[in-house]
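Report on the following structure.
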Protein chains: 2
Amino acid sequence: MQWSELEDQACSVSRTISVIGDRWTLMILRDCFLRVRRFDDFQERLGIGRPILADRLKKLVDAFVLTKVAYQNNPTRYEYRLTPKGLDLYPIIMSIVHWGDTHMAGKKGRPLLHHHKTCNHQFDPVMVCSECAEPLDPREVRTSLGPGARHPQHMPVELAAGVHQRSAKAKSSDEARPKATGRAKLKAPAGA
Amino acid sequence: MQWSELEDQACSVSRTISVIGDRWTLMILRDCFLRVRRFDDFQERLGIGRPILADRLKKLVDAFVLTKVAYQNNPTRYEYRLTPKGLDLYPIIMSIVHWGDTHMAGKKGRPLLHHHKTCNHQFDPVMVCSECAEPLDPREVRTSLGPGARHPQHMPVELAAGVHQRSAKAKSSDEARPKATGRAKLKAPAGA
DNA sequence: CTGATGAATGCCGAATAGGAACTTATATAA
DNA sequence: TTATATAAGTTCCTATTCGGCATTCATCAG
């Protein structure tokens with residue numbers, strides 16, 4: 001499978017990985033959230049080669065994750081800023097940071113601390129259910145087919161087992177709609 | 001920078017990326033959470049080459065993200081299961097899925113739906129603050145140095161700017177740039 | 001004009017991906 | 001007994017991609 005085929009797949013993970021599934025891209029994005037914006041700053045902080053950096057930045061701009069903003073004229077120079085789409089990557093980056101803090105930190109502890117201005121506490125990111133606000137445990141989640149489902153290889157094994165080529169009818173009980181009852185403030189963008 | 005150098009860095013993102021920052025690895029992990037466990041199932045679902053699959057599985061086992069469990073004897077065959085450390089990757093995978101659902105879904109909608117057994121609702125994952133349970137907005141988060149902090153290139157720009165270890169040519173950049181915040185609050189909050 | 005700065009390219013060796021066939025070990029079928 | 005099927009790899013080879021160095025490009029300061 002080629003890199004470019006990934007984004008054509010009917011799988012959200014594949015398509016996301018086609019944008020961010022690259023070592024350098026993730027490092028660049030981390031720096032973006034640390035408010036790094038200029039080519040040479042990225043280059044110096046990451047120790048990345050300039051050609052690769054240029055390539056990754058261009059791809060991120062093409063994917064509307066970053067946008068080039070002129071910060072001076074004559075010559076016009078640009079800096080790279082996160083778009084709203086790029087800002088939405090925050091949970092991914094924070095999840096990665098938190099996993100690293102939890103499982104990969106050296107004996108000295110975590111390198112960075114996060115302080116929430118809203119509540120004025122140091123915090124950890126927690127992934128919760130949009131409906132009941134409970135932290136998510138993978139064993140408490142059941143996956144079912146959505147309207148965009150196409151290929152069995154993107155389904156959980158227990159659903160893929162009976163399906164062979166074509167789009168399967170969602171056979172789970174609540175196939176219908178997300179119907180967000182419950183805490184409105186937790187409701188994530190519905191997407192699609 | 002080599003792949004192998006990443007894991008030596010004092011940055012949680014670097015170290016995490018050294019484990020999961022690979023296209024195939026992320027796809028494999030997605031399948032793990034969809035309860036795929038056997039070599040040939042991974043191979044068939046992902047269309048990945050067998051050598052690469054074997055390599056990635058081995059790396060994940062070495063990183064204690066997966067573990068090999070014998071599911072039969074004569075001949076002994078193993079399947080791959082997520083360890084607790086691997087299960088902790090769930091927020092990362094879910095963040096990726098959700099971003100893809102939100103920003104990369106085709107017109108047909110998302111391929112998979114997630115149902116929370118705990119509350120019996122279809123849901124989206126939301127990343128919240130562990131202290132106040134509010135959804136996280138990157139602009140409401142301030143980053144500060146933790147006990148494991150070492151290199152300025154892992155700090156947010158406004159903190160790295162004041163650190164001495166910076167290379168000599170930094171003077172011009174500091175001059176030309178609007179001073180963000182001073183270095184007033186560099187000190188990390190004491191305990192979590 | 002010359003040099004400095006910020007950014008993008010070309011070239012080339014090294015690493016990686018991908019496919020096909022091969023291996024091992026056993027159970028089942030002919 | 002031989003043959004076939006199965007699961008989990010491994011070996012080998014080719015083609016692509018990656019990463020780093022040096023260069024190029026455009027513009028402004030002097």
Side-chain angles (χ1 to χ4, degrees), chain A residues 1-7 9 14 17-18 20-28 31 36-62 66-81 153 157, chain B residues 1-6 14 17-18 21-28 31-32 36-62 66-81 157 167-177:
Chain A
M1 185 193 295
Q2 319 287 48
W3 219 157
S4 54
E5 292 179 45
L6 268 184
E7 63 189 285
Q9 294 207 5
S14 317
I17 290 172
S18 77
I20 63 157
D22 171 271
R23 314 152 204 182
W24 287 123
T25 301
L26 283 166
M27 302 291 287
I28 290 168
D31 269 12
V36 177
R37 296 194 172 128
R38 297 193 187 175
F39 192 94
D40 277 17
D41 288 338
F42 286 112
Q43 202 266 314
E44 189 179 341
R45 291 169 56 96
L46 298 176
I48 183 177
R50 300 176 79 77
I52 298 104
L53 176 59
D55 176 76
R56 298 300 189 277
L57 288 173
K58 185 159 152 351
K59 281 178 178 159
L60 287 171
V61 169
D62 290 345
L66 297 181
T67 184
K68 289 170 77 162
V69 177
Y71 66 88
Q72 80 171 33
N73 292 313
N74 296 327
T76 305
R77 294 271 153 72
Y78 296 94
E79 60 183 20
Y80 296 86
R81 288 172 177 260
Q153 62 264 40
V157 282
Chain B
M1 185 192 295
Q2 319 286 45
W3 223 154
S4 54
E5 292 178 44
L6 269 183
S14 316
I17 290 172
S18 76
D22 171 271
R23 313 154 202 182
W24 286 123
T25 302
L26 283 166
M27 301 290 286
I28 291 166
D31 268 11
C32 289
V36 179
R37 295 193 174 129
R38 299 193 185 174
F39 191 92
D40 278 16
D41 289 338
F42 286 113
Q43 202 265 314
E44 190 180 341
R45 290 170 57 95
L46 298 176
I48 183 178
R50 300 173 81 75
I52 298 104
L53 175 58
D55 176 75
R56 296 302 187 277
L57 288 173
K58 185 160 152 356
K59 282 179 178 158
L60 286 170
V61 170
D62 289 346
L66 297 180
T67 184
K68 288 171 79 162
V69 177
Y71 66 88
Q72 80 171 32
N73 292 315
N74 298 326
T76 305
R77 295 267 158 75
Y78 296 94
E79 60 183 18
Y80 296 86
R81 287 172 177 261
V157 283
S167 61
K169 60 179 282 192
K171 45 119 184 100
S172 57
S173 336
D174 285 344
E175 194 78 75
R177 212 154 294 167

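Worth knowing before you read on, the calculation uses all heavy atoms, side chains too, and leaves out hydrogens, waters and symmetry mates. Below, read A as the first sequence line, B as the second, and so on, with proteins coming before strands; counting in each chain starts at 1. These numbers come from a predicted model, not from an experiment.
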Sugar-phosphate, base or nothing in reach of Y71(B), heavy atoms under 4.0 Å: sugar-phosphate
Non-neighbouring partners of R50(B) that pass side chain to side chain donor-acceptor pair (under 3.5 Å), sequence neighbours left out: D40(B), Q43(B)
Nearest-neighbour nucleotide for the D40(B) side chain, dA8(D), dG20(D), dA7(C) considered: dA8(D)
Residues forming a salt bridge (Lys or Arg N to Asp or Glu O under 4.0 Å) with R81(A), sequence neighbours excluded: E79(A)
K68(A) vs dG6(C): side-chain N/O to OP1/OP2 distance below 4.0 Å: no
Nearest-neighbour nucleotide for the D22(B) side chain, dT11(D), dA8(D), dA17(C) considered: dA17(C)
Residue-phosphate contact under 4.0 Å: Y80(B) side-chain N/O, dG9(D) OP1/OP2: yes
Any W24(B) side-chain N or O less than 4.0 Å from OP1/OP2 of dG18(C): yes
Every protein N/O lying under 3.5 Å from an N/O of nucleotides 22-28 of chain C:
| unit_1 | atom_1 | unit_2 | atom_2 | d |
| --- | --- | --- | --- | --- |
| dT26(C) | O3' | N74(B) | O | 3.0 |

P51(B) side chain, from C-beta outward: closest of dG19(C), dT9(C), dG19(D): dG19(C)
Phosphate OP1/OP2 of dT10(D): any K58(B) side-chain N/O under 4.0 Å: no
Salt bridge (Lys or Arg N to Asp or Glu O under 4.0 Å) partners for R37(B), two or more places apart: none
Sub-4.5 Å side-chain heavy-atom contact between R45(A) and V36(A): yes
Nucleotide of dA8(D), dA17(C), dG9(D) approaching A54(B) most closely (side-chain heavy atoms): dG9(D)
Phosphate OP1/OP2 of dC18(D): any R23(B) side-chain N/O under 4.0 Å: yes
Pairing residues for K58(B) by the side chain to side chain donor-acceptor pair (under 3.5 Å) criterion, not counting sequence neighbours: D62(B)
Smallest separation among heavy atoms of L57(A) and F42(A), with atom names: CD2-CE1, 4.4 Å
Inter-axis angle, terminal five-pair segments of the helix from dC1(C)-dG30(D) to dA30(C)-dT1(D) [nearest 10°]: 20°
Side-chain heavy-atom pair M27(A), I17(B) within 4.5 angstrom cut-off: yes
